[in-house]
Asker: 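One structure, pasted below without further comment.
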Amino acid sequence: MKNGPTLADRLAVPLLVVGAVLSAAGFVWSFTVAPLVNGAEVVPEMVAGQMVSHQLLFSQKIFYFHMPVAMAAFAALAFTAVYSILYLVKREARYDRRAMVSVEVAAVFSFCVMATGVPWTRFEWGVWWTWDPRLTTFLILCLMLIGYFVLRSAFAGNEKCETYAAVFALVMCVDAPICMLITRLIPSSLHPVVFRSDSGLSPDMLVGLLLALFGMLAIAYGMYRLRVRQQDMAVRIEALKEQLEELE
């Protein structure tokens with residue numbers, strides 16, 4: 001284990017700063033420059049017994065936060081899958097720590113997805129929740145993220161804890177591509193298909209979305225590297241304590 005910070009560790013804080021700036025720029029752009037989605041009109045409309053012209057406008061802008069945090073969550077889950085496989089193959093504790101940190105980051109961004117998705121559902125569909133295929137599969141993913149930490153807590157101290165966690169993480173990660181592809185697998189889904197050849201986004205809209213997307217990815221990776229550094233330092237400190245105890 002290296003004693004000094006790696007290049008990735010040194011870039012963690014700058015990435016957080018850059019990510020915050022890009023995300024803020026994306027949000028400002030989306031509210032000041034980006035138009036509504038193609039075909040949308042800001043006209044009074046009765047939804048669930050309420051006139052929601054201003055809410056419809058706001059729900060259009062939630063997308064610029066909702067989609068980037070979702071992609072950051074899926075990117076973190078990709079890290080989780082890779083490090084879980086590496087742990088099962090090599091049985092090195094550092095891979096287990098990195099898998100766990102990736103799940104922590106994925107959990108943060110996944111709950112941001114839910115927090116932005118619920119008001120979007122209310123403003124667009126007139127309900128706070130509906131059992132739409134994508135919403136349902138993502139809810140399952142969030143519950144599995146919670147279950148991952150429950151499992152680690154329940155088996156803490158068990159020599160098989162890391163193995164159980166890695167296997168559970170891989171099962172959990174299977175839900176991520178299902179969430180992304182479910183709108184294609186079930187065309188009747190209410191949730192729109194975002195990634196397609198005809199994206200429906202004008203250049204003015206795409207700029208704001210990409211700024212927020214790259215910003216969120218930078219924030220996610222910065223959080224990941226800071227947390228990994230903290231975990232590695234904690235392990236090193238424990239090792240030093242054990243050495244000191246042996247010398248006494």
Side-chain angles (χ1 to χ4, degrees), residues 1 8-9 12 16 66-118 129-182 185-186 191 216-217 219-239 241-242:
M1 183 182 297
D9 293 328
L16 289 174
H66 182 68
M67 196 276 266
V69 293
M71 296 308 300
F74 290 143
L77 287 171
F79 275 61
T80 300
V82 170
Y83 284 121
S84 295
I85 292 172
L86 286 173
Y87 175 78
L88 291 174
V89 172
K90 298 187 177 182
R91 301 291 176 173
E92 295 182 17
R94 62 191 177 115
Y95 293 129
D96 173 65
R97 293 195 300 273
R98 281 155 177 73
M100 182 178 67
V101 170
S102 299
V103 176
E104 291 174 348
V105 174
V108 170
F109 283 92
S110 293
F111 292 124
C112 287
V113 173
M114 294 297 290
T116 54
V118 169
W129 181 263
T130 181
W131 294 104
D132 173 76
R134 173 163 286 179
L135 297 185
T136 304
T137 52
F138 202 87
L139 174 62
I140 293 171
L141 177 61
C142 289
L143 294 175
M144 293 184 76
L145 285 166
I146 296 173
Y148 176 89
F149 297 108
V150 172
L151 183 147
R152 293 197 73 110
S153 178
F155 288 92
N158 189 309
E159 61 180 8
K160 295 291 185 180
C161 177
E162 292 80 4
T163 301
Y164 295 152
V167 173
F168 185 87
L170 289 175
V171 174
M172 175 178 64
C173 289
V174 171
D175 192 46
I178 294 176
C179 288
M180 296 184 67
L181 299 175
I182 195 68
L185 298 174
I186 305 179
H191 205 286
M216 286 299 170
L217 290 174
I219 290 172
Y221 189 71
M223 291 171 59
Y224 165 80
R225 286 309 314 179
L226 283 177
R227 180 65 171 151
V228 165
R229 177 67 175 163
Q230 180 189 33
Q231 291 284 328
D232 288 346
M233 289 180 66
V235 171
R236 193 174 301 121
I237 290 171
E238 287 300 319
K241 286 182 178 179
E242 292 178 1

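These numbers were taken from a predicted model, which means no experiment stands behind them.
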Asker: Measuring from S84:OG to E162:CD, what's the distance to the nearest 0.5 Å?
Answerer: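 Taking OG in S84 and CD in E162, the distance rounds to 11.5 Å.
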Asker: Looking only at heavy atoms, what is the nearest atom pair of C161 and L151, with distance?
Answerer: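 In this case the closest contact between C161 and L151 is O-CD2, 4.5 Å.
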Asker: Would you say the side chain of D96 lies within less than 4.5 Å of the side chain of R152, judging by non-hydrogen atoms?
Answerer: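 SC-SC contact between R152 and D96 confirmed.
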Asker: Is the shortest side-chain heavy-atom distance between M100 and Y148 below 4.5 Å?
Answerer: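 Yes; the side chains approach each other to less than 4.5 Å.
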Asker: So do L139 and W131 actually touch side chain to side chain, heavy atoms under 4.5 Å?
Answerer: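 Result yes, sub-4.5 Å side-chain heavy-atom pair found.
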Asker: side-chain contact (heavy atoms from CB on, under 4.5 Å) between R227 and V105: does it pass, once the steps are laid out?
Answerer: CA-CA 9 Å; R227 180 65 171 151; V105 174; 5.8 Å; no
Asker: Measure across F168 and M144 and return the closest heavy-atom pair with its distance rounded to 0.1 Å.
Answerer: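 Minimum heavy-atom separation between F168 and M144: CE2-O, 3.3 Å.
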Asker: Once the angle between the rings of Y83 and Y95 is folded into 0 to 90°, is it parallel (under 30°), tilted (30 to 60°) or perpendicular (over 60°)?
Answerer: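 Rings of Y83 and Y95: parallel, as their planes differ by under 30°.
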Asker: For S102 and T80, which heavy atoms make the closest approach, and how far apart are they?
Answerer: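 Closest pair (atom of S102, atom of T80, distance): CB-OG1, 3.1 Å.
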Asker: Using the ring of each side chain (for Trp, its six-membered ring), is F138 parallel, tilted or perpendicular to F74, with breaks at 30° and 60°?
Answerer: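 Answer is perpendicular, since the angle exceeds 60°.
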Asker: Does any part of the side chain of I178, heavy atoms only, come nearer than 4.5 Å to the side chain of I140, both counted from C-beta?
Answerer: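 Contact flag for I140/I178 side chains = no.
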Asker: F111 vs I146, test: side-chain contact (heavy atoms from CB on, under 4.5 Å). Steps then yes/no.
Answerer: CA-CA 11 Å; F111 292 124; I146 296 173; 3.8 Å; yes
Asker: Is there a donor-acceptor pair closer than 3.5 Å between any side-chain N or O of T116 and the backbone N or O of C112?
Answerer: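 Checked: pair present.
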Asker: Under a 4.0 Å N-O cut-off, is there an ion pair linking D232 with R98?
Answerer: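 Looking at R98 together with D232, the answer is yes, because their closest N to O distance falls below 4.0 Å.
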Asker: Do L77 and L145 touch side chain to side chain, with heavy atoms closer than 4.5 Å?
Answerer: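 They are in side-chain contact.
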Asker: Between V101 and M223, is any pair of side-chain heavy atoms under 4.5 Å apart?
Answerer: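 They are not in contact (no side-chain heavy atoms under 4.5 Å apart), so the answer is no.
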Asker: State, to 0.1 Å, how close R94 and E92 come at their nearest heavy-atom pair, and which atoms those are.
Answerer: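 Answer, listing the atom of R94 first, then E92: NE-OE1, 2.7 Å.
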Asker: Closest heavy-atom contact between A72 and L217?
Answerer: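 Heavy-atom minimum between the residues: CA-CD2, 3.8 Å.
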Asker: As an exercise, state the distance from OG of S110 to CG of L143, rounded to the nearest 0.5 Å.
Answerer: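 Taking OG in S110 and CG in L143, the distance rounds to 11.0 Å.
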Asker: Heavy atoms only: give me the nearest I219-F109 pair and the separation to one decimal.
Answerer: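 What the structure gives for the nearest pair is CG2-CZ, 4.1 Å.
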